[in-house]
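Counting convention: from 1, in listed order, for ligands and their atoms alike. What you are looking at is a predicted structure, and each value in this text was computed from that prediction instead of being measured.
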Amino acid sequence: MKQIIIEGNKPLSGTIKIGGAKNSVVALIPAAILSSGKVKITNVPSISDCDALFEILHLLNVNVEMQENVVLMDSKDLKNALIPENLSNKLRASYYFMGALLAKFKKVEMYFPGGCNIGSRPIDLHLKGFEALGAKIKKTKSKYTITAEELKGADIYLEFASVGATINIMIAATLAKGTTVIHNAAREAEIVNIAELLNNMGAKISGAGSDEITIKGVKKLHNAEVKVIPDRIEAGTYIIMGALLGNNLVIEGMVPEHNIVLLNKLQEMGVDFKLDNQRIILNRAKKLKPTNVRTVTYPGFPTDLGQPMSVLLTQADGISMFEETIWENRMGHVKYLNMMGANIVAERQHATITGPTKLHGEEITATDLRAGAALVAAGLIADGTTIIHDVEHILRGYERIINKLSDVGANIKIVDI
Ligand code: EPU
């Protein structure tokens, strides 16, 4: 068990370099096993979610080497195996092995995926997609068995533009016979990155990044290389911290277009920032205007930045409204922000935030990954000492967060308890 301890109120100056996107790499790694040869993935972030996927790769007899931020995978001896509960429930993205193993072996057996407790998280849209491709699904109390005699291309209409379902169906359809069209597909930048790897491996996918993706099935995939896109959520989290405490804080290596809605909001609030190519320079503003934030699917305001954003709203001068529309349970951090002195009235997926409120250090708990990031932001602006429990959630998705923040002046450390 680990704790993060922060002495707040230190200005942030210097440069934070953004790493590869968690939500991209966790799909790239399972997708890579479709290749009959070697796949090189560069700009891989050092996060515990990747370690969990490597454990599954070992079980599947995939040779994996990781040096610095480069992963080399060789799936020539890939074997099918039941993915046990202790591995599947380490992270949500274990479910991408469903699409990949189904495509390769026409059979996959795995226990339910895990992930942050931010809502009910059904995977019915993934399963309906597999069924449309010809698969049969057997679900027992905690395990799925999915089999197919053959996967055949199909027209698939998603009821909701689910990121996971779009990627999983795209992966499964890559080796199917004939053409698959995913209608109402999710449009996240990460999906474009996964399609890029699959196409580099010889797949025939067009339309990724739009709401209609066409996959023409191919027989075999070959060696390939791909670079993980910069993590727009990591970038957004540090941008928000820069808005709170920046003293010429530079966020480097991001793709500004991926965070355009966040940047527009910050501009509306009067945050002092300057865009310079793939960098953004932030300074703490004297006064922030309140605003309303509603999380929606990409390219709208990302749900994964809603919790860190709510910390910024506690510092705005007036009343801000916050609405989370993707997940039912993303207000886990509110109780702790209020303990620290915030004035937030939250009911289910809505919150009214009245600011500005001075925050003070408290002993608090990260209930999920992004709640944890929000509490780190709160600890950084609080008077006194903040102790955050259950920080393993944070380490799942933010690489070297302690080093990145202490290098720019934060007084933050992680301790084993
Ligand atoms: N949904 C269904 N049925 C499904 C799939 C999804 O009803 O079969 C619902 C979900 O319950 C939810 C909504 O659709 O209400 C969105 O789910 P989606 O499938 O788009 O999300 P996901 O693929 O499970 C990914 C990210 C999340 C991020 C969401 C939305 C990964 C591993 N996770 O989840 O990231 O919040 O997209 O952008 O890519 C995070 O990084 O903190 C995180 C939770």
Side-chain angles (χ1 to χ4, degrees), residues 19-31 45 47-50 52-53 88-99 112-132 137 139 144 156-172 182 184-194 211 228-229 231-237 258 261-262 295-309 324-330 332-333 348-349 366-374 393-399:
K22 165 181 102 67
N23 288 346
S24 215
V25 75
V26 296
L28 290 171
I29 291 171
I47 51 176
S48 62
D49 266 10
C50 285
L53 291 172
S88 67
N89 73 8
K90 280 197 177 166
L91 78 170
R92 194 79 196 150
S94 55
Y95 59 30
Y96 292 128
F97 283 105
M98 280 184 175
F112 290 176
C116 285
N117 178 21
I118 52 178
S120 60
R121 309 196 82 170
I123 61 162
D124 55 312
L125 302 174
H126 304 231
L127 301 176
K128 279 184 199 165
F130 297 149
E131 279 174 336
I137 291 157
K139 183 181 166 192
Y144 293 103
I156 298 173
Y157 293 82
L158 295 181
E159 283 162 47
F160 179 86
S162 151
V163 175
T166 301
I167 295 176
N168 229 343
I169 295 167
M170 195 164 77
I171 291 173
I182 309 175
N184 194 28
R187 292 178 289 162
E188 268 72 359
E190 290 75 16
I191 292 166
V192 180
N193 204 196
I194 316 310
D211 61 3
V228 184
I229 57 166
D231 195 316
R232 63 195 165 91
I233 306 302
E234 186 197 20
T237 304
H258 292 171
V261 177
L262 170 70
T295 65
V296 284
T297 53
Y298 191 81
F301 196 97
T303 167
D304 297 340
L305 284 177
Q307 289 156 304
M309 185 67 179
E324 164 62 39
T325 74
I326 310 290
W327 303 110
E328 311 90 86
N329 189 16
R330 267 211 147 152
H333 62 306
R348 296 157 67 114
Q349 288 162 259
T367 51
D368 61 80
L369 167 62
R370 308 301 172 187
H393 288 298
I394 303 173
L395 306 180
R396 285 191 36 220
Y398 288 90
E399 71 165 358

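Close approach of ligand 1 to H126 is summarised as follows: ligand atoms under 4.0 Å from at least one heavy atom of the residue are 8 (O). In the vicinity of I123, heavy-atom distances shorter than 4.0 Å reach the ligand 1 atoms 4 (C), 8 (O). Set against the non-hydrogen atoms of L369, the atoms of ligand 1 under 4.0 Å away are 42 (O).
Checked for salt-bridge contact, E190 and R232 meet the test: a charged N lies under 4.0 Å from a carboxylate O. Ion pairing of D368 with R396 is absent here, as no side-chain N (NZ or NE/NH1/NH2) approaches a carboxylate O to less than 4.0 Å.
Of the protein's heavy atoms, Y95 OH, 3.2 Å lies nearest to atom 24 (O) of ligand 1. Nearest to atom 37 (O) of ligand 1 among the protein's heavy atoms is V163 CG2, 3.5 Å. In this structure, atom 15 (O) of ligand 1 lies nearest to the protein heavy atom I326 O, 2.6 Å. Among all protein heavy atoms, the one lying closest to atom 29 (C) of ligand 1 is W327 CZ2, 3.9 Å. The closest protein non-hydrogen atom to atom 43 (C) of ligand 1 is D304 OD1, 3.3 Å. If you check which protein heavy atom lies closest to atom 3 (N) of ligand 1, you get D124 OD1, 2.7 Å. Remark: minimum distance from atom 23 (O) of ligand 1 to any protein heavy atom is reached at G164 N, 2.8 Å.
In terms of N/O distances under 3.5 Å, ligand 1 is not approached by R92. An N or O contact shorter than 3.5 Å links N23 to ligand 1 by distance. Checked against a 3.5 angstrom limit, the closest N/O atoms of A161 and ligand 1 fall outside it. The shortest N or O to N or O distance between E328 and ligand 1 is not under 3.5 Å. At least one N/O-N/O distance between R370 and ligand 1 falls below 3.5 Å. By the 3.5 Å distance cut-off applied to N or O atoms, I118 is not counted among the residues near ligand 1.
Of all the heavy atoms in L158 and A185, the pair that sits closest is CD1-CA, 4.2 Å.
Atom 9 (C) of ligand 1 is not flagged as protein-proximal [any protein heavy atom, distance under 4.0 Å].
Look at P122 and you'll find a heavy atom under 4.0 Å from some atom of ligand 1. In this structure, R330 has a heavy atom closer than 4.0 Å to ligand 1. Heavy atoms of E190 stay at 4.0 angstrom or farther from ligand 1.
The option from T166, D368, T303, N168 that lies nearest to atom 38 (O) of ligand 1, judged by heavy atoms, is T303.
Classified by interplanar angle (parallel below 30°, tilted 30° to 60°, perpendicular above 60°), the ring pair Y298/H258 is perpendicular.
Considering only residues two or more places apart in sequence or on other chains, F160 meets the ring-ring contact (aromatic ring centres under 6.0 Å, His included) condition with none of them.
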